[in-house]
Each structure stands twice: as structure tokens, then as C-alpha cells.
Amino acid sequence: MSLQAIRYRRGSLQILNQLLLPQQSLYEEISSVRQGWEAIRAMKVRGAPAIAIVGCLSLAVELHNKGSSEQSVSDLEHWVLDSLSYLVSARPTAVNMARAAQELGHFVRQEAKCKEATAKRLQESVISWAEAMLEKDLKDNRSIGDHGAQHLLQQVGPGKVTVLTHCNTGSLATSGYGTALGVIRSLHAMGCLEHVYCTETRPYNQGARLTAYELVYEQIPATLIADSMASVTMKEKKVSAVFVGADRVVANGDTANKVGTYQLAIAAKYHGIPFYVAAPSTSCDLSLKHGRQIVIEERPSQELTDVNGVRVAAPGIGVWNPAFDVCPHDLITGGIVTEFGVFAPAELQAALTQASNKKGTH
Ligand code: MRU
């Protein structure tokens, strides 16, 4: 069975504390919006889709447990809207929580306006909305995995492929299966995966701690490399493609993802290796035209200067610690893999607009 980072049933949410992995597998109860915010901020849960899912489910759990009997429809509506704004403030770069807040906010305003609206009904519909996210993300990830795997196999022809990946984009970063790691999972399931190289992902080591853990857990043949070994790995190890995830893909295809993504894309282009971004449409933000508009989170200097709480950097040195970088669209040579298919960066906006028109959403 694949790893389950989020355990949910109505009224109860537990997350696998990713700060303790791989040494310890400890599930922690999240019973309020505040605890959801704190878990996201502290990176007990991380990865763009998982941030939004845990944020919205923390709201659903608190809403379920607080009951609705003493509240008016308007009080409940405002509590949901305030909670959503608060959750968005936990981390700025991944767009998923902001998008979920916008969509759930719109939904709750509409529901509250209905003639038949009661606090009980509003409570029920908000909880169901959040629960549906969990299922949809899992389904989308499976589609992303299959689209990405088939696309790569068509490009490279017969034989097994070797993939390099960065950060953690697997079951731990999503509702399950993963995005870029989902493609790797699909390739493995199809018997077409020769090997995976996963980067350590400095400074916070999501690759060494989390992706390596998932790959070992799933018994996928894999090797850990330091980030500084990526170019030589591409040169020496017959890498067929690079697959990474995304925190925000904007209208022209520029993509914010874990810091180090940009240099991987440059190295891949130099070596003529296709570079893919795998992300659900919930990680896309068509309201921004280009990557320079994306807010990049800066994290505490200790992530760079310390290892396991022990300082390794020379005292007094200055530190810059952006958690993400922006990969320009022209370096995404393989394509952007979504649940709707694989698109060149220039095709993405039209494809997503068409898909959402079909669904009747905006
Ligand atoms: O800082 P993190 O660990 O939340 O960053 C995660 C990434 O950059 C992932 O690649 C991205 O969120 C996609 S996860 C499916």
C-alpha cells in the first residue's frame, strides 16, 4: 500500500509529521484551523496540493466539531471566509491554498445567499466541498502519472527510461500517488522504469528525507545524489528526462518550484534532455502573466546554516534562503503534465481555459 500522509474521516484529521521522517512515522491530530495553519507553516505537511488539502480539511474538522446550532448563517459564512484568509497566509508561493480559498469562498457566499440556507446546511456543504478535494486530487494524480509516462515513452521510443527528479512530489506532498513522483510510479508500474535519481534538495532535504523514503518504501530502483551532482548525472547516467512538480504555474508557463529547479532545467537543456513539470490544474494560476509576479517565500537562515540543530556554517556569514525559484517556460522542453494531458507551455492557458469551460467553472 502506498504511503498515506493524510488520514481523514469526518470529524478527524491526522497528518504524518514530515519533520520527523524518515526516523519516525508519527501521525498528529489536527483539530482546528489554527493547528492546520501551524502544521503548514512549520512544514509538518508540505507540497503544494497537500498544503491546500490539509488547510481545507482542518477547517472541515473544526466546523464539524463546533456544531452549527448556535450560529447564524451569516456568522458561519464569515467564520469560513476569515479562516480561509488565515490559511492562505501560512505560506505564500504555492497557489493551491489560495485557489481553494477563492473557490470555497465563492461557494460559501453562494450557499449562504440561498433562500433555504440554514447553518446546518451550510456547515454540511462546506465539509463536503473540502472532502471532495481529497478524492479529486488522488484521481488527478493518477491521470498525471499516466499522461506523463505515456508522453515520455512516446518521445524516447522502446526500452526503459531513467528519470531525475527534485524535491518531494509524492504521496507525502499530495493526497496520494504524487505528481512528478506519480509519473515515476506509473513508469515503474508499466515495467518501463530503469532507474530514478533523486536530488538531496538542499537546504531542507525534502529529496533525501522524503523522496528517498518513498522510493525505498515503494521498492523503486533509485539513487540519491547531491544537488551539485545533477549535471554530471545527466552527462554520465543516461538520464532520459527530468520530472519536477510545481508550486505555481502561471499563464505563460513559467513555473515556481523548489529552489534548484531552475538550474536543473538549464542543465537539462544543455544536455538535450526533456524537462517536464507535472502539476494538477489546482497548481496553475492564470491570473499571473509571468513568473516575475510570483511571490517567493524566504525561509529562516537556520535551514542553511544548521544540520539537525547543529550549526555547520561559519558564524557571522550572511544567508539568503529563497525556498523556490522560477523556471522560465522556454526551459520546460518536455511539457507541462496536467490531469488533462501534456501541453507545451504556450498551449497551457488555452488548454486549461477549455477544460474549465467544459466543467462550467471559471
Ligand atoms: O517547500 P516545499 O517542500 O513545500 O516545496 C515543495 C515543492 O516545491 C514541490 O515540488 C511542489 O510543491 C509540488 S508537490 C506535488
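Both ligands and their constituent atoms are indexed starting at 1 by order of listing. For the numbers below, each heavy atom of this structure counts, side chains included, while hydrogens, waters and symmetry mates do not.
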For this session: Go through the side-chain N and O atoms of T353 and Q349 and say whether any donor and acceptor fall under 3.5 Å apart.
Result: no
For this session: Would you check whether F324 reaches within less than 4.0 Å of ligand 1, judged by its heavy atoms?
Result: yes
For this session: Assess C167 for proximity to ligand 1: is some non-hydrogen atom of it under 4.0 Å away?
Result: yes
Exercise. Does an N or O anywhere in R91 fall below 3.5 Å from an N or O of ligand 1?
Worked result: yes
Exercise. Is the shortest heavy-atom distance from the side chain of Q110 to the side chain of K113 under 4.5 Å?
Worked result: yes
Exercise. Would you say ligand 1 has an N or O under 3.5 Å from any N or O of H166?
Worked result: no
Exercise. Do the two ring centres, one from Y276 and one from H151, sit under 6.0 Å apart?
Worked result: yes
Exercise. Are any non-hydrogen side-chain atoms of N257 and V277 less than 4.5 angstrom apart?
Worked result: no
Exercise. If we only count heavy atoms from C-beta on, is the R248 to L288 side-chain gap below 4.5 Å?
Worked result: yes
Problem set entry | Aromatic ring pairing W37/Y86, orientation class (parallel under 30°, perpendicular over 60°, tilted between) | parallel
For this session: Using distance alone, decide if ligand 1 has a nitrogen or oxygen within less than 3.5 Å of any nitrogen or oxygen in A48.
Result: yes
For this session: Mark up the atoms of ligand 1 that fall under 4.0 Å of a heavy atom belonging to A173, in ascending order.
Result: 14 (S), 15 (C)
Exercise. So which heavy atom in the protein is nearest atom 11 (C) of ligand 1, and how far is it from that ligand atom?
Worked result: D247 OD1, 3.3 Å
Exercise. If you measure every N/O of T179 against every N/O of ligand 1, is any gap under 3.5 Å?
Worked result: no
Exercise. Against heavy atoms of G47, which atoms of ligand 1 measure under 4.0 Å?
Worked result: 4 (O), 12 (O), 14 (S)
Exercise. Among protein heavy atoms, which lies nearest atom 10 (O) of ligand 1, and at what distance?
Worked result: N257 OD1, 2.6 Å
Exercise. Taking the side chain as C-beta and beyond, is there a heavy-atom pair between M97 and L84 under 4.5 Å?
Worked result: yes
Exercise. Side-chain donor-acceptor pair under 3.5 Å between S301 and N321, yes or no?
Worked result: no
Problem set entry | Contact check: K258 vs ligand 1, nitrogen or oxygen atoms, below 3.5 angstrom | yes
Exercise. Is atom CZ of R34 surrounded by more than 12 heavy atoms (other residues, nucleotides or ligands) closer than 6.0 Å?
Worked result: no
Problem set entry | Ion pair check, K136 and E339, cut-off under 4.0 Å | yes
Problem set entry | Ligand-residue contact atoms, ligand 1 with Q206, heavy atoms, under 4.0 Å | 1 (O), 2 (P), 3 (O)
Problem set entry | Protein contact of atom 13 (C) of ligand 1 - nearest heavy atom, named by residue and atom, plus distance | A246 O, 3.4 Å
For this session: Ignoring angles and geometry beyond distance, decide whether T174 reaches within less than 3.5 Å of ligand 1 through its nitrogen or oxygen atoms.
Result: no
Exercise. For P49, is at least one N or O under 3.5 Å away from an N or O on ligand 1?
Worked result: no
